[in-house]
Amino acid sequence: MQGNQASPIGVFDSGVGGLAVLREIRRLMPREAVLYIADSGFAPYGDRPAEWIEARSIALVSHLVACGAKAVVIACNTATGVSATTLRERFALPIIAMEPAVKLAAASTKSGVIGVLATTRTLASPNYESLRARFAVGIEVLSQPCPGLANRVEAGDLGGPETRALIASYVVPLLEKGIDTLVLGCTHYSFITAEIQAIAGPGIQLIDPAAAVARQVQRRLGDAGLLTPDATDARAAAPDLFLTSGETGHVRTVIEKLWSHSSRTEAMPILEFPPPVRVTSSNAK
Ligand code: DGL
């Protein structure tokens, strides 16, 4: 189905983290309808092989397109790192992606040492390597993988002792090495910004690209003639819809906590893709 101006913006993430981007999209474009996929049944992506994430991303974008999305936002640094190029080759609609804000951090650091918190897969991606090579010349970049941290947000535990201990274990070593700027390179971390700042201290600048991504969405829709016209409220015709592969009741509760109002959260149809491996307690962190 071909999207038009009144169609929803499709957004996906491995789970609820992409709501941080959606929040900024909503702030900037309040009349746009949105269709969000929280692939929580398969989170975290960050510890999975690149080929798996790419296959899964193709399946999710195919579903968003079939639902009539007019554009797709990859609200996930991990999926962007391994699949943005393929998705843009395969699909004709505008695809807006995101990546750790290394460029901005490198431009604003005074100490010349920046930290990047992200998933293991993001930091191992060629995309990230290229970001560093292009934008962080002469800057020391401390890349910190954070296994388990996105899961705390998926669990809805934003400020509990386990979450705080995990944050400290990742952030304190960076502070000891002299960072003054810290990039939030995973959308899930936006929801624990206050906890990260509390541990990092007021002198450390946190950089979250969510608002910049929303501005990019607005620009791309404008360029493609796909913005909802001023007189139209696309949300009246198509209320926000959240689809999830996770346990619907739990994901709905977490979405409502992060999204701050009630949501229409429904189970997503099972999407076929190779290999259909679910996260189990033995391989989840
Ligand atoms: N929210 C995702 C990101 O921006 C990934 C979290 C995960 O599933 O590992 O990278």
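First listed ligand is number 1; within each ligand, the first listed atom is number 1.
- In this structure, CG in L149 is found 8.5 Å from OG in S169, a value given to the nearest 0.5 Å.
- Using 4.0 Å as the threshold, C76 has a heavy atom nearer than that to some atom of ligand 1.
- Both the backbone and the side chain of N77 come within 4.0 Å of ligand 1, judged by heavy-atom distances.
- Using a 4.0 Å heavy-atom cutoff, P44 is listed among the residues neighbouring ligand 1.
- Proximity to Y45 (heavy-atom distance under 4.0 Å) selects the following atoms of ligand 1: 7 (C), 8 (O), 9 (O).
- Taking only nitrogen or oxygen atoms, main chain and side chain alike, T187 reaches within less than 3.5 Å of ligand 1.
- Close approach of ligand 1 to G46 is summarised as follows: ligand atoms under 4.0 Å from at least one heavy atom of the residue are 7 (C), 8 (O), 9 (O).
- A side-chain N or O of T122 and one of T119 form a donor-acceptor pair less than 3.5 Å apart.
- Residue A150 approaches ligand 1 through these ligand atoms, each under 4.0 Å from one of its heavy atoms: 6 (C).
- Atom-to-atom distance recorded for E129:CD and R134:CZ is 11.0 Å, nearest 0.5 angstrom.
- Close approach of ligand 1 to T119 is summarised as follows: ligand atoms under 4.0 Å from at least one heavy atom of the residue are 5 (C), 6 (C), 9 (O), 10 (O).
- A salt bridge does not link R90 to E54: none of the charged nitrogens lies less than 4.0 Å from a carboxylate oxygen.
- In the vicinity of S14, heavy-atom distances shorter than 4.0 Å reach the ligand 1 atoms 5 (C), 6 (C), 7 (C), 8 (O).
- Closest to atom 10 (O) of ligand 1, if we only count protein heavy atoms, is T78 OG1, 2.6 Å.
- The distance from atom CD1 of I139 to atom NZ of K103, rounded to the nearest 0.5 Å, is 13.5 Å.
- A donor-acceptor pair is defined here as one N or O able to donate and one able to accept, closer than 3.5 Å; no such pair exists between the side chain of R121 and the backbone of V82.
- In this structure, Y45 contributes its side chain and N77 its backbone to no donor-acceptor pair below 3.5 Å.
- Within 6.0 Å of atom CD in E266, more than 12 heavy atoms from other residues, nucleotides or ligands are found, so the atom counts as buried in its surroundings.
- Counting heavy atoms under 4.0 Å from ligand 1, residue C186 touches it through both backbone and side chain.
- Contact atoms of ligand 1 toward D13: 1 (N), 2 (C) (distance under 4.0 Å to a heavy atom of the residue).
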